[in-house]
Every structure is written in C-alpha cells, then in structure tokens.
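Numbers restart at 1 for each chain; the letters A, B, ... are given by sequence-line order, proteins then strands. Everything numeric here is computed off the predicted structure, so don't read it as measured data.
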Protein chains: 2
Amino acid sequence: MFRVNRQTDYAVRVVLALAKKPKGTRVSTSEIGREMLIPRAMLQRIVATLASGGFIETQAGRDGGIALAHDPNQITLLQITEHFEGTLILSDCILKEGDCPFEHKCPVSCQWKRLRDLLRDEMARVTFEQLVEEGKQIEAELLQHASSKSVPVPVVRNLPVADNVPL
Amino acid sequence: MFRVNRQTDYAVRVVLALAKKPKGTRVSTSEIGREMLIPRAMLQRIVATLASGGFIETQAGRDGGIALAHDPNQITLLQITEHFEGTLILSDCILKEGDCPFEHKCPVSCQWKRLRDLLRDEMARVTFEQLVEEGKQIEAELLQHASSKSVPVPVVRNLPVADNVPL
DNA sequence: GAAATCCTTACAATGTCAGTAAACATTGAC
DNA sequence: GTCAATGTTTACTGACATTGTAAGGATTTC
C-alpha cells in the first residue's frame, strides 16, 4: 500500500487539537481522546512519542496534561509524519547504499528519489497554523451554506489542485 | 511506513527491461528474471498481473515470452504503480466518504488529498521512454568517468531537486 | 507427443499494525 | 503523608499484508 499509519493520523489530529487552542493551553490526554475519537491506550503511546520528539510539553499529576511546545507555525506536517514513520521513502531501492543490486545505474531510483524530495518539500510547507486557518475557513463555509440545499464542499485556498492526470 | 511493495519495484524493472529493447521484442520471463534479479515464482505473478493490466502481451509455448503492448512513452510510472498498489492514498481519512468521523470538516484530509494529487500528477509525467533515456545518460556518464577517481553520481537532467526542506 | 513457456492456486514464514492491558512514576489537593 | 488524577513504559495478542515457495494446469511450437 502507500499510506501513513493510523497512529500518524491520530498524532496529527492531536497536534491540530492543541494548535486550535490559545497558546500554552494545557489539555488532559483523556479530553483530547474524547474530542478526537482516539482509543485511550493508543493515545498514551502517541502522546509519549510526541513528547519524545519535543513537540509537546507534558505535565503529570492532577491538573496535568499536554500543551504544544512551539508555535503552530513552527510545526509542519512533515515533522510529525517523519517522527512517527521515519524518513520518507517511496521505494526501498533508495533506502541504503548498496542495497539495490543496480545502485546508481538505475534511472528508477533517481525518479523515486526526486518524487520523494518533492513530496517532502511540499509537506514541509504545511504548518499547523495553516491547518488551523483552513479549519476555520471550512467551518465558516459550512455555516454559510447551512441553510442551503447544496452539499458544502471545502476548498483549500491558494493551493492549486492537480487534477490534469491523464488516464 | 510509506513505500511501494517490492512487487511493484520488480514490476517497474520488468517494464523498463522491455522498454529498453527494440519495439515488439519478445523476451522470455526467465531471461528477464536473470537480468533483473527477480525470484522466479514472484516474477510469474508479476508477469500475469502486468498482462491482466494490458501492459504486456504474452505468448505461451516454445519461443514464447512477453513484450510491451504499448510504446514506452505511453506507459507511466503512475500506471504501473497504481495497477499493483491500487489508487494512491496517503492517508486513510480520505479513503471513503463517511469513513472519517470528521468528514469534510477536517483540514487535514484536504491537505492529504492535495499532496496525493500532486504526487500522482508528478508520477503520471514519468514515462518509461523517459526512464530509458535517463538510463542511457547515466551509463554514458559512468563510462565517461570510468577512468577518473571520483565516484560517479548520476544526475537527472532538467528536473529540479527539492532539497530546501527546513529541518 | 514432448518440451518450453505462461497461468493459477494454495500455502507457509515473516513482519507490521492496531489495540488491550497492566504496572509504574509524577504531581497537586487535602 | 495519603490519595486521586494524570502521564510513562512495557508486554502481549489478534488480524492482516507481504514475500517467497511450490505444484499443477494451460498453451504453443517443434
């Protein structure tokens, strides 16, 4: 297949939930679990992993909880993803030097590498500040169209959508 | 993780091997297996899958073998990949309508969708004709530098490499 | 009919992932 | 100091996908 683990999805949701709140707001894990519909035990590991990556600050004990360690505009989708998935790789053949019997002679590995760099670059541009903003826009659109009959479709602004894929 | 199956990698190699040869050349599976270092039993399945996708034409019997069904410039990396992996998906949350409890309210799914479209678009631009050309360029560079001391590093021409990824 | 080839199916070994559970450590309120 | 609420860590299980092996069947040429 070709997709991020569910754990990573969950982690993104957690960071987004924190990014939505005023800076420094501390929230208990269980509260986030309720809000974001994440199984408790999974969430425990995710929180620990986020903390080990320095993305959140944790506070044990009564009234404890977690809070973002940085501004949402300093945290990118790439950072969270790679912290949970490891460095992005589209094909094993560029994983290790010498792992592929064709080494540098292979044009395919060059392309996989180029595509990976492209994807990484793009993911590095997506900050959680941006995601929060887009979330607000989407909610505004939903409210605006609430009484209309048409189904509201969210639009990501200022971002060209590539749909000119042949075949 | 985040990578294509080995089977897909193998399949790409098979198509590339065929694309390198003069149009219509028929090659036996076992020969490709030797050339591309693919386990025999795996290769059988891969060839069958390629045939079912209409990418190759097969001929049973003595002097049989496989040949490309189309020009290399009509076959893209995306086609082969999606035929073996299914439609590209970066995150499950955009897999099915109604599968994600947040539906369209979620800015994250919008981004995953945008990134996926970007990647698909880029992969659709990579044809096997291009891969063959790049392979020739790489070999030429290798020959040119064969007597020099520097380790030859292949360069993909006219393709910007995104390495300005922060952090 | 025999040999070479592609096609299909079943199966086992391995690894990954999602989720559960339980014990532990830390903190603040009383 | 004790207790309760919270985060931390580890072990385990079941489900599933992936890789690879093996065997038999179908097709074509000689």
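Regarding contacts with the backbone of D:dT29, a side-chain N or O of B:Gln59 is found under 4.0 angstrom from either OP1 or OP2. For C:dC17, neither phosphate oxygen OP1 nor OP2 lies less than 4.0 angstrom from any side-chain nitrogen or oxygen of A:Tyr10. Checking the phosphate oxygens (OP1, OP2) of D:dT6, no side-chain nitrogen or oxygen of A:Thr29 falls inside 4.0 Å. A sub-4.0 Å separation between OP1 or OP2 of D:dT8 and a side-chain N or O of A:Thr58 is present.
Between the CG atom of B:Leu77 and the CZ atom of B:Arg120 there is a distance of 12.5 Å, given to the nearest 0.5 Å.
The nearest whole Å value for the distance from the CG atom in A:Leu43 to the P atom in D:dT8 is 11 Å. Between A:Arg3 atom CZ and C:dA18 atom P the separation is 11 Å, expressed in whole Å. Counting to the nearest Å, the C1' atom of C:dA29 and the CG atom of A:Asp63 are 9 Å from each other. As rounded to whole Å, 19 Å separates atom P of C:dC24 from atom CZ of A:Arg45. Regarding A:Glu31, its CD atom lies at a distance of 10 Å from the P atom of D:dG7, rounded to whole Å. Atom CG in B:Asn5 sits roughly 8 Å away from atom C1' in D:dA17 (whole-Å rounding). Look at CG on B:Leu37: it is 12 Å from P on D:dG20, rounded to the nearest Å. For A:Ile66 and D:dT6, the CD1 to P distance is 12 Å, given to the nearest whole Å.
Each of B:Ser28 and A:Arg6 was assigned the nucleotide of DNA chain C with the nearest heavy atom; the assignment lying further toward the 5' end belongs to B:Ser28. Nearest-nucleotide mapping onto DNA chain D: of A:Arg62 and A:Arg40, the residue sitting toward the 5' end is A:Arg62.
Of the candidate nucleotides D:dT10, C:dT5, D:dT8, D:dT8 has the atom lying nearest to any side-chain atom of A:Val47. If you check C:dT8, C:dG19, D:dT8 against the side chain of B:Ala48, the one that comes closest is C:dT8. Nearest to the side chain of B:Pro39, among C:dT8, D:dG20, C:dG19, sits D:dG20. In this structure, of C:dA18, D:dT19, D:dT27, it is D:dT27 that holds the atom nearest to the side chain of B:Ala60. In the set C:dA18, D:dT21, C:dA21, the nucleotide with an atom closest to the side chain of B:Ala41 is D:dT21.
The aromatic ring centroids of A:His83 and A:Phe55 lie less than 6.0 Å from each other.
Within a 6.0 Å radius of CD in B:Glu31, other residues, nucleotides and ligands contribute more than 12 heavy atoms.
A:Thr58 is not listed as a side-chain neighbour of A:Leu50, based on a closest heavy-atom distance of 4.5 Å or more.
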(message) For a side-chain contact (heavy atoms from CB on, under 4.5 Å) check, start with the C-alpha distance between A:Met123 and A:Gln79, then their side-chain angles and the critical distance, and finish with the verdict.
(response) CA-CA 9 Å; A:Met123 288 177 65; A:Gln79 289 171 343; over 6 Å; no
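If you check every strand for non-hydrogen atoms under 4.0 Å, B:Gln7 touches sugar and phosphate atoms only.
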